[in-house]
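These notes are about the structure you will find just below.
Every heavy atom of this structure was used, including side-chain atoms; hydrogens, water molecules and symmetry mates were not. Counting convention: from 1, in listed order, for ligands and their atoms alike.
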Amino acid sequence: MLYIVLGVITTVFAVVGIAMFAIGVRRMVRTLGLGRPIEAARKGPFGRRLTNTLVETLGHTRMLKWRWIGVAHWFVMVSFPALVFTVAEAHGEVWDPHFHLPLIHDWTVYGLLIEVIAGVSLAAITALAVYRQVKGARRLGRASRFANSRHWTAYYVEGYIFALLACIFLIRGFKVAMGDFPFPVWATPISHAVGAVLPPSEPALALVAAFKLIISWLFFMALALVLTMGIGWHRFTAPVNIYFKRTTDGTPALGAAKPMVGNDGTPLDFEEADPDEDPFGVGKIEDFTWKGLLDFTTCTECGRCQSQCPAWNTGKPLSPKKLVMDLREHAYAKAPYLLQGITAETLAEKPDESHAGVDVLALLERPLVGTEEENGVIHPDVLWSCTNCGACVEQCPVDIEHIDHILDMRRYQVMIESSFPSEANTLLKNLENKGNPWGMSEERRLDWIGELDFEVPVVEDKLPEGTEYLFWVGCAGALEDRAKKTTKAIAELLHIAGVKFAVLGGMEACSGDPARRLGMEYVFQMLAQQNVETLNEAGVTRIVASCPHCFNTLGNEYPQLGGEYEVVHHSQLLARLVEEGRLTPVQPIEENITYHDPCFLGRHNKVYTPPRDIMAQVPGITTVEMHRHKERGFCCGAGGARMWMEERIGKRINTERVDEALTTDPDTVSTACPFCQVMLGDAINEKKSRGEAKETLEVVDVSQLLLRSVKGEAAPAGAPAAENA
Ligand code: SF4
Ligand code: SF4
């Protein structure tokens, strides 16, 4: 009789749990359905996407970057499906104490497997909960990656999993105590240890049943409540999110910016596009695609993105995690009304309709981007603090595409609302009228050539016969004094190595990167189309770019506009020339040098080794890595068009980076990007003016170091290395 009662109760729990879970899934699917269709490019190829998803999910490739936490999380992940067998067995036993799973119930391998998975998972979930305490926001404040997370949901999930695993060992222990356990001690030591301290008598049967009841209850209520309530969702949504990510080679959505697409998911034709008909960025939550909404609901609130964000780490209001959570909460709040067809217009027709005290009109009309007074979901200071550095996207274990969402919101603000930091106005005017951010005349792009003692061919119409590379100089490289030194060093090295190259001179316009990253797609399209036309007419096929932003735009974004070129960064080409013996560094440079990874070279394009290889080939150089380097490198603060905006909140990002560089006691800071060179140079000059950095400390490009060594020039005493290039 007892078993029938318990069986009925557990079955009721199971049915209610499954029903609630199904309702939750339906609600979630309908909420996602409010989003726009995804880009056509995300729909295939099936095989490659599936392989990436399996590798990333089962192999935990992204989580394992976080070492023991990744291993612990892997066990917790597999415990869920693996222990379903145990739960199924418990359900059967509640009805019939002699119930066994067919085939495997007394198979030692099965007994061992459950013991190992449950045992390690129990230790893992305990360790993760302790870690959350130790690294929690209460102790570390803003420095904690858990700052902004909702802790109770995490502890709730962890508590459920802990209780479930503990119950498994208690049930097994009771079976041991009753002498009804088919597995040997060596395969199930924990179960036998638990059994040794439990009573071996008949009343234990009732306790066994009770625990079976508890385990069933835990399992199904966990399904019903936890998994449909918040971060527990990622167990189901993460693989789908990974499958539909923007890239198909397994890497995160970095490199090219997300293209603007029309309502049918194909690239928007700006000649025909109509802001009233076509999506011009995102102005309200339902303007995101369903993949965007899936991103928001998949967030585990782990805070890895936040911990790496340069904006957050320098006291700005932007936290990529908080941004995703805020968008999710807003989507969840608005969805029930949108799903009922309630809009601001329908409310105007029935103003008295009750909505349980919720000001639905205010909710529906809430601006996505706006100040506190405007009741905005995302504050403009949050939106404009992003440098597009990609640290968040790189770290996110479930492939959330923060930059795409930030860019989409910026696009709407810039192109529809004309609302953006006023300093960016000058940038846009200069780009439109002069084709460069500084508003200089196009003839000035040739100034640096006059400072060299050899001829540099300038393309007039067609690329000169026999040209190996078109040298894309970039606006900074042609017009900014510090970056011009890098340009001249690269040209000289190519000349020494006998590489036949040419430049576009005045025909080169800005690649469009700052306009695109600001959200002004019109100006990007205008500049990019002009450049693609020039390059195609000149017959260019191979390009060496000195600026990582140009390198990224030309190589990854111009194909979207019909510009297909083989693009290399100068550090890649120079490293190869050294390897081939066409450049030979001879002069030792006895300096302690730390290298700063430019975000658009490193994280966005995975070029980490060539600049380091160059320095390794120069005799005398001692390189010291900063704490944050390579994938976890820290931005200089210039990306995302931030170079042309004031940085009014918190510590300056370039100062933070230079502070970190100074901890390595460098003689020189090297990099491979003109923007980084300028930003870090400015911060170092400020430090020098306050006596906080040695007078000889300079920022140089790796090409300048290489040239100095190849030409056999020693640095004059006390003179910075850059002066030699
Ligand atoms: S791209 Fe960089 S600055 Fe922007 S949110 Fe991500 S980590 Fe922060
Ligand atoms: S966005 Fe990704 S990295 Fe950031 S908290 Fe969410 S799951 Fe973690």
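By the criterion of a heavy-atom distance under 4.0 Å, the side chain of Ile403, and not its backbone, is placed next to ligand 1.
Using a 4.5 Å heavy-atom threshold, the side chains of Gln308 and Arg603 count as separate.
Heavy-atom neighbours of Lys135 NZ from other residues, nucleotides or ligands within 6.0 Å: at or below the threshold of 12. Within 6.0 Å of the NZ atom in Lys322, the count of heavy atoms belonging to other residues, nucleotides or ligands does not exceed 12. Counted within 6.0 Å of CZ on Arg142, heavy atoms from surrounding residues, nucleotides or ligands total more than 12; the atom is thus considered enclosed.
Between Trp68 and Tyr131, the ring planes are perpendicular. Angles over 60° get that label, and only those under 30° would be called parallel. Note on ring orientation: taking the six-membered ring where Trp is involved, the planes of Tyr160 and Tyr156 are perpendicular (angle over 60°, cut-offs 30° and 60°).
In summary, the atoms of ligand 1 found under 4.0 Å from a heavy atom of Cys386, numbered by their order in the structure, are 1 (S), 3 (S), 4 (Fe), 5 (S). Within the listing of ligand 2, atoms 5 (S), 6 (Fe) sit less than 4.0 angstrom from a heavy atom of Glu301. The ligand atoms of ligand 1 that sit less than 4.0 angstrom from a heavy atom of Gly390 are 1 (S), 2 (Fe). Shown in contact with Gly303 at under 4.0 Å from a heavy atom are these atoms of ligand 2, numbered in order with element: 5 (S), 8 (Fe). In summary, the atoms of ligand 1 found under 4.0 Å from a heavy atom of Asn388, numbered by their order in the structure, are 1 (S), 4 (Fe).
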After noting the C-alpha distance and the side-chain angles of Arg516 and Glu521, does the key distance pass the salt bridge (charged side-chain N to carboxylate O under 4.0 Å, His left out) rule?
-> CA-CA 5 Å; Arg516 184 167 237 196; Glu521 189 74 6; 2.8 Å; yes
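Of the options Lys291, Arg246, Arg62, Arg49, a salt bridge (charged side-chain N to carboxylate O under 4.0 Å, His left out) to Asp399 is made by Arg62 and by none of the others.
Separation of the Phe288 and Phe296 ring centroids falls under the 6.0 Å cut-off.
Among protein heavy atoms, atom 3 (S) of ligand 1 sits closest to Thr387 N, 3.3 Å. In terms of protein heavy-atom proximity, atom 5 (S) of ligand 1 is nearest to Leu318 CD2, 3.6 Å. Looking only at protein heavy atoms, the nearest one to atom 8 (Fe) of ligand 1 is Cys309 SG, 2.4 Å. Atom 2 (Fe) of ligand 1 has its closest protein heavy atom at Cys389 SG, 2.4 Å.
Interatomic distance, Glu647 CD to Thr387 OG1, rounded to the nearest 0.5 Å: 9.5 Å.
Ion pairing between Lys316 and Glu656 fails under the 4.0 Å rule for side-chain N and carboxylate O.
Among protein atoms, those of element N, O or S found less than 2.8 Å away from atom 2 (Fe) of ligand 2 are Cys396 SG.
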